Chemist: 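Pasting in a structure now, in structure tokens, and then I'll have a few things to ask.
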Amino acid sequence: MELPLVILVALSLILSSQALKPGECEVCIKVLDRFRSNLSEDTLKDFKKIEKEFKGYCKDLKNKENRFCYYLGGLEESATGILGEMSKPMTWSLPSDKICEKLKKKDAQICELRYDVQIDLKTVDLKKLKVRDLKKILNDWGEECSGCIEKSEYLKRIEELKPVHTEL
């Protein structure tokens, strides 16, 4: 009578250790949820159509999301391709977090992707930020600071562009 109880407890521990923890695989889950919302019901029934659509979807993604596509094989320059591990479960209507769990088993890097913390430009003191963060702000805006070397030059460029890229 005690042996089945021990086995049951052991199985529950194994299964719970494989489940995603809160905040884990955030890029994977978000990308798959947005991608799935763009698909028609007809496309969701055919894994080959899903893979083709995903490759097209990945072309416009940047930063962490682009890296996620690279890991899955959604980009032309991808070294590997595990799109089938994403597309087939999607045809079975498996939720994105469960698909990401499966993908994590194939390539742990997929769940290591995290979104960068967004800087609130209304409350932050730009002078206290590092040059790396100032460059990131400009990059997120799609702007450049050509010829900038000093921190003061990056600050000046951000202040120039701030009215264009933020709502005051």
Side-chain angles (χ1 to χ4, degrees), residues 2-121 123-124 129-144 165-166:
E2 290 181 23
L3 186 60
L5 182 60
V6 171
I7 293 172
L8 185 62
V9 170
L11 281 173
S12 67
L13 287 174
I14 291 169
L15 292 175
S16 66
S17 68
Q18 293 176 353
L20 294 177
K21 290 155 186 64
E24 193 176 20
C25 283
E26 63 181 345
V27 174
C28 176
I29 293 169
K30 187 172 180 181
V31 170
L32 292 183
D33 282 344
R34 276 199 330 247
F35 171 65
R36 187 189 312 246
S37 69
N38 292 334
L39 297 177
S40 67
E41 289 296 322
D42 182 50
T43 304
L44 282 169
K45 295 176 183 173
D46 183 1
F47 74 93
K48 289 289 185 192
K49 287 181 182 178
I50 292 173
E51 290 175 11
K52 182 180 176 195
E53 291 288 325
F54 188 75
K55 287 180 179 179
Y57 179 78
C58 285
K59 288 181 182 176
D60 298 327
L61 297 181
K62 295 180 181 174
N63 300 328
K64 307 288 182 176
E65 295 173 349
N66 181 277
R67 178 63 40 191
F68 172 73
C69 288
Y70 175 80
Y71 290 154
L72 244 59
L75 301 174
E76 288 183 26
E77 63 268 15
S78 295
T80 61
I82 55 172
L83 280 177
E85 301 294 325
M86 177 271 301
S87 61
K88 288 178 184 173
M90 199 172 275
T91 61
W92 311 328
S93 300
L94 207 63
S96 297
D97 60 330
K98 296 298 179 189
I99 294 173
C100 291
E101 279 179 33
K102 289 179 171 292
L103 292 171
K104 181 182 176 184
K105 291 176 188 172
K106 294 288 181 185
D107 187 353
Q109 296 178 92
I110 289 171
C111 286
E112 292 172 2
L113 293 171
R114 303 257 189 275
Y115 286 112
D116 296 328
V117 177
Q118 293 297 314
I119 299 170
D120 185 10
L121 293 172
T123 59
V124 73
L129 294 178
K130 295 180 180 181
V131 173
R132 174 187 62 205
D133 297 326
L134 299 174
K135 288 179 179 180
K136 183 185 177 318
I137 290 170
L138 290 170
N139 186 42
D140 290 347
W141 289 346
E143 299 285 350
E144 291 182 11
H165 293 284
T166 60

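For the single chain, residues carry numbers from 1 onward in sequence order. No experiment lies behind these values; they were computed from the predicted model shown.
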Chemist: In sequence, state the C-alpha distance, the side-chain angles, and the governing distance for L39 and M90, and then conclude on side-chain contact (heavy atoms from CB on, under 4.5 Å).
Modeler: CA-CA 11 Å; L39 297 177; M90 199 172 275; 4.1 Å; yes
Chemist: Specify the closest pair of heavy atoms between G74 and C58, including all atoms of both residues, with the distance to one decimal.
Modeler: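 In terms of heavy atoms, the two residues are closest at O-CB, 3.8 Å.
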Chemist: Identify the heavy atoms of E77 and Y70 that sit nearest to each other, and give their distance.
Modeler: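 Distance-wise, the nearest heavy atoms are O-CE1, 3.3 Å.
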Chemist: Kindly compute the distance separating CG (L32) from CG (L103), expressed to the nearest 0.5 Å.
Modeler: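 L32 atom CG to L103 atom CG measures 7.0 Å (nearest 0.5 Å).
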Chemist: Hey, is the main chain of C111 close enough, under 3.5 Å, to the side chain of R114 for a donor-acceptor pair?
Modeler: yes
Chemist: Charged N to carboxylate O under 4.0 angstrom, K98 versus E101?
Modeler: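 Looking at E101 together with K98, the answer is yes, because their closest N to O distance falls below 4.0 Å.
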Chemist: So, taking the atom named CZ in F47 and the one named CZ in F54, what distance separates them when rounded to the nearest 0.5 Å?
Modeler: 15.5 Å
Chemist: Could you check T91 against D46 for side-chain contact (heavy atoms from CB on, under 4.5 Å), going step by step and ending with a plain yes or no?
Modeler: CA-CA 6 Å; T91 61; D46 183 1; 5.9 Å; no
Chemist: So, taking the atom named CG in L44 and the one named CD in E53, what distance separates them when rounded to the nearest 0.5 Å?
Modeler: 10.0 Å
Chemist: Going from CG on D140 to CG on D133, what distance comes out if it is rounded to the nearest 0.5 angstrom?
Modeler: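 So the CG of D140 and the CG of D133 are separated by 10.5 Å.
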Chemist: Is the shortest side-chain heavy-atom distance between L75 and K59 below 4.5 Å?
Modeler: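 In short, these two side chains do not touch, never coming nearer than 4.5 Å.
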Chemist: Check M86 against P89 and note the closest heavy-atom contact, atom names and distance.
Modeler: O-CD, 3.5 Å
Chemist: Indicate the atoms forming the closest heavy-atom contact of K64 with L113, along with that distance.
Modeler: O-CD1, 3.7 Å
Chemist: Is the NZ atom of K136 crowded by more than 12 outside heavy atoms at less than 6.0 Å?
Modeler: yes
Chemist: Between the side chain of S78 and the main-chain N/O of G81, is any donor-acceptor distance below 3.5 Å?
Modeler: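 Not a single qualifying donor-acceptor pair exists.
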Chemist: Could I get the full list of salt bridge (Lys or Arg N to Asp or Glu O under 4.0 Å) partners for E26, not counting sequence neighbours?
Modeler: none
Chemist: For the atom pair CD1 (I110) and CG (D107), what is the distance rounded to the nearest 0.5 Å?
Modeler: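 If I round to the nearest 0.5 Å, the distance is 4.5 Å.
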Chemist: Which distance, rounded to the nearest 0.5 Å, do you find between the OG of S96 and the CZ of F35?
Modeler: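 Taking OG in S96 and CZ in F35, the distance rounds to 10.5 Å.
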Chemist: Taking it one step at a time, do E65 and R34 satisfy salt bridge (Lys or Arg N to Asp or Glu O under 4.0 Å)?
Modeler: CA-CA 11 Å; E65 295 173 349; R34 276 199 330 247; 2.9 Å; yes
Chemist: Got more than 12 heavy atoms from elsewhere within 6.0 Å of CD, E41?
Modeler: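 12 or below, so no.
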Chemist: Is a salt bridge present between E24 and K104, judged by a nitrogen-to-oxygen distance below 4.0 Å?
Modeler: yes
Chemist: Within the 4.5 Å heavy-atom criterion, are I99 and R36 side-chain neighbours or not?
Modeler: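 Yes - at least one pair of side-chain heavy atoms lies under 4.5 Å apart.
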Chemist: For disulfide bond (SG atoms under 2.5 Å apart), just list the numbers for C100 and C28, CA-CA rounded to whole Å, side-chain angles, deciding distance to a tenth of an Å, and then say yes or no.
Modeler: CA-CA 6 Å; C100 291; C28 176; 1.9 Å; yes
Chemist: Is the shortest heavy-atom distance from the side chain of E143 to the side chain of I137 under 4.5 Å?
Modeler: no
Chemist: Indicate the ring-plane relationship of W141 and H165, choosing parallel, tilted or perpendicular according to the 30° and 60° boundaries.
Modeler: parallel
Chemist: What pair of heavy atoms forms the shortest contact from K55 to L83, and how long is it?
Modeler: CE-CD1, 3.5 Å
